[in-house]
Amino acid sequence: MPPTLPPNLSAAQFDRALADWRAIVGDAQVLTSDASLAAYLDPFAPGEPGAFAAGAALLPASVDEIRALLRVANQYRIPLWTVSTGRNFAYGGAAPRLAGSVVLDLQRLNRILAVDETLAYALVEPGVSYFDLYAHLREHGYKLWVDPPAAGWGSVVGNTLERGFGYTDYGDHAAAQCGMEVVLANGDVLRTGMGGIEIGSAWQLYRPGYGPSFDAMFMQSNYGIVTKLGVWLMPAPPAYLLGEIQFQHEDDLATIVDRLRPLRLDGTISSHAVIEGGLRRAAGLSARRQWYDGAGAMPESAVAAMLEKLGVGRWNLHFALYGTPELIDARYALIERAFSTVPQARLSAARYTDDAEPRGGGDRNMAGIPTMSAFRMLDWRGGAGAHVDFAPICPASGRDAQRQYTMVKTRAAEYGFDYYGGFTAGARHLHHIFAAIFDRDDAQQVEQAGALLRSLMSDARAAGYGEYRAHLAYMDFAAAQYSFNDGALLRLAETIKDALDPNGVLAPGKQGIWPAAWRDRRGYT
Ligand code: ADP
């Protein structure tokens with residue numbers, strides 16, 4: 001493959017910039033060979049992976065090195081694309097939005113800078129994964145839990161900045177963040193909130209600080225390079241209960257959502273709760289070809305037979321209760337009361353105390369133990385498994401959930417995809433996550449996955465729904481759905497972008513935000 005140059009730059013200019021960067025971080029930390037850059041290609045690209053190829057990758061080890069690298073980027077106007085561990089799979093991995101951008105890979109900044117057991121927080125650098133933080137807490141005997149995302153190898157910083165979510169009471173990762181250190185495009189370094197007090201001690205305790213609060217501005221944006229991040233941790237509970245309720249009918253979904261909502265709103269269920277579609281649950285236990293080997297979406301009869309055989313519900317509600325046994329029992333009784341009247345619903349619960357641990361991957365996540373169980377889904381369809389996700393926000397109302405489900409399932413079947421999805425419940429909204437699983441060695445499946453995603457986004461737009469996160473290929477499309485007053489929201493985002501980053505060197509195009517220098521690159525691929 002010919003090297004991908006940064007846009008608007010000659011090979012000679014790029015060579016000079018690379019030499020300057022090598023002088024800062026050393027030869028070994030500037031990657032340019034095809035072999036080393038392969039790691040920065042999107043492993044699950046729903047199209048041609050080269051469309052988002054990086055021009056090079058830089059691996060600094062300190063904030064000072066980052067600032068020096070930035071000076072060179074500004075001088076040559078080369079766009080950088082920051083990743084923490086680059087495992088943002090299904091949304092683009094470590095690949096940049098604008099081909100030829102240089103990936104600023106922060107995996108070598110991997111220190112756990114502080115853990116406070118009393119006040120229940122940690123301060124970490126971008127290269128710290130959920131596995132790392134979990135192991136550190138265990139090793140030192142801290143009675144604190146992490147809230148893992150679906151794949152534990154991702155970084156705490158990367159996942160939090162993308163507003164990822166997990167399973168426990170701390171499942172809303174953006175909400176559990178407190179305090180950041182950020183390098184701006186001009187090299188200035190700031191600490192948000194109480195971090196502004198130089199000898200202060202409340203940086204990880206009170207997010208707002210004094211005056212305007214900026215933490216949220218650095219999430220899903222391209223306004224800065226986050227080099228430290230505070231995260232609240234859950235005190236290890238004395239006991240917990242992991243519950244599952246299986247529902248037998250497809251149209252139980254609306255009832256589940258309407259009965260779950262009051263329990264989430266009043267805190268009876270304080271963990272994120274997941275309403276998992278039967279097929280997704282089954283994919284954790286078996287491979288598709290056991291049940292159906294034909295082309296197109298699995299027929300209803302095969303789905304029904306599979307669920308029956310595996311003893312899995314059409315919908316499966318998973319939740320966790322944490323606290324003292326008395327409180328758990330009282331809360332569980334309320335949940336039983338709410339759901340036991342749904343015809344043929346099957347409730348089950350497992351109780352844990354002290355050091356007892358669940359064994360299944362999903363259950364371990366709810367017990368604050370990171371796993372890689374999410375990767376089992378890649379085997380569902382056979383071949384070189386990959387997926388691209390459609391992730392609209394859904395109001396926590398039965399009517400909306402049923403509407404989104406029908407919309408997505410119908411469209412997916414049209415393109416030959418199974419409904420592999422579910423809803424993760426906040427109190428007032430649901431994250432509806434649908435994954436189009438495909439074999440990346442099968443050109444037709446890859447193309448169909450891309451076409452399906454584009455159709456789903458058009459459907460969502462027509463129905464007034466918007467996505468919470470999108471793959472690189474659809475970032476502009478997703479941003480355009482937020483079109484009130486001729487796109488006033490994006491206008492504001494780009495006004496801020498131009499003020500902070502006049503040379504457009506930080507992640508052009510991320511979340512549809514293009515700096516003036518690259519605005520002509522916007523495109524709904
Ligand atoms: P993970 O490996 O945890 O899944 P990534 O490192 O791939 O996460 O990060 C996901 C996305 O978040 C990146 O593509 C990038 O846009 C943004 N991002 C990650 N780390 C940083 C950071 N330290 N500063 C700014 N943006 C970041």
Side-chain angles (χ1 to χ4, degrees), residues 39-44 52 54 57-63 65-67 69-70 79-98 101-111 123-133 146-166 173-174 177 179-185 189-190 192 214-231 370 372 374-375 389 468-473 475 478-479 497 500-501 505-513:
Y40 297 90
L41 286 174
D42 177 6
F44 295 171
F52 303 105
L58 311 173
L59 288 89
S62 69
V63 172
E65 286 186 1
I66 292 172
R67 298 179 67 208
L69 295 172
L70 251 179
L80 301 177
W81 179 267
T82 310
V83 301
S84 286
T85 51
R87 286 160 178 163
N88 196 20
F89 285 24
Y91 297 104
R97 169 68 183 86
L98 183 60
S101 299
V102 170
V103 176
L104 185 67
D105 180 342
L106 303 184
Q107 61 173 288
R108 292 175 67 221
L109 280 83
N110 60 359
R111 290 174 301 169
L123 179 68
V124 297
E125 290 187 327
V128 175
S129 72
Y130 284 91
F131 282 131
D132 296 335
L133 183 56
V146 299
D147 182 283
W153 68 346
S155 86
V156 177
V157 172
N159 190 276
T160 304
L161 293 181
E162 287 294 287
R163 306 197 189 102
F165 51 88
H173 291 174
Q177 175 273 332
M180 280 180 194
E181 181 182 86
V182 187
V183 182
L184 299 178
V189 182
L190 67 98
T192 61
F214 293 106
D215 296 51
M217 211 175 94
F218 296 103
M219 295 183 179
Q220 289 200 1
S221 78
N222 47 14
Y223 299 147
I225 298 165
V226 176
T227 49
K228 294 181 180 62
L229 183 130
V231 55
M372 289 300 288
F375 271 47
D389 292 3
Y468 100 100
R469 192 171 177 181
H471 184 276
L472 296 172
M475 279 180 176
K497 178 66 179 166
L500 289 177
D501 184 8
V505 293
L506 291 186
K510 185 168 161 56
Q511 256 71 39
I513 305 168

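One is the number of the first residue; the rest follow in order along the sequence. Every number for a ligand or one of its atoms is a count from 1 in the order of the listing.
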Got I66 and L109 here, is their nearest side-chain heavy-atom distance under 4.5 Å?
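Contact flag for I66/L109 side chains = yes.
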Can you find a pair of side-chain heavy atoms, one from F214 and one from L190, that are under 4.5 Å apart?
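F214 vs L190: side chains apart.
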Please report the interatomic distance [atom1]([X]) to [atom2]([Y]), rounded to the nearest 0.5 Å.
X    : Y    : atom1 : atom2 : value
Y468 : F165 : OH    : CZ    : 4.5 Å
T227 : E181 : OG1   : CD    : 3.5 Å
L229 : D215 : CG    : CG    : 8.0 Å
N88  : R469 : CG    : CZ    : 5.0 Å
L506 : L70  : CG    : CG    : 6.0 Å
D105 : L80  : CG    : CG    : 12.0 Å

Under 4.0 Å from any heavy atom of [X], which atoms of ligand 1 are there?
X    : value
G158 : 3 (O), 8 (O), 9 (O), 19 (C)
T85  : 1 (P), 2 (O), 3 (O), 6 (O)
N159 : 3 (O)
L106 : 23 (N)
G86  : 2 (O), 5 (P), 6 (O), 7 (O)

Part of [X] within contact of ligand 1 (heavy atoms, under 4.0 Å):
X    : result
L161 : side chain
F218 : neither
R87  : both

Least distance between heavy atoms, N222 atom then K497 atom:
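Closest heavy-atom pair between N222 and K497: O-NZ, 2.6 Å.
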So, 4.0 Å and heavy atoms of [X]: is ligand 1 close enough to count as a contact?
X    : result
W153 : no
S221 : no
A94  : no

Is any side-chain N of the basic residue among E125 and R108 closer than 4.0 Å to the acidic one's carboxylate O?
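No salt bridge links E125 with R108.
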Can a donor-acceptor pair be found between the side chains of Q220 and R163 at a distance below 3.5 Å?
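Yes, a side-chain donor-acceptor pair sits under 3.5 Å.
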Does an N or O from K510, backbone or side chain, lie closer than 3.5 Å to an N or O of ligand 1?
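Between K510 and ligand 1, an N or O pair is found under 3.5 Å apart.
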Are any of the N/O atoms on I225, whether in the backbone or the side chain, positioned under 3.5 angstrom from an N/O atom of ligand 1?
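There is no such contact.
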Could you check [atom] against the protein and tell me its nearest heavy-atom contact, residue, atom and distance included?
atom                    : value
atom 14 (O) of ligand 1 : W81 NE1, 3.6 Å
atom 3 (O) of ligand 1  : S155 N, 2.7 Å
atom 24 (N) of ligand 1 : V226 N, 2.9 Å
atom 13 (C) of ligand 1 : T82 O, 3.6 Å
atom 25 (C) of ligand 1 : G224 O, 3.4 Å
atom 20 (N) of ligand 1 : S84 OG, 2.7 Å

Aromatic ring centroids of W153 and F375 under 6.0 Å?
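Yes; F375 has its ring centre under 6.0 Å from that of W153.
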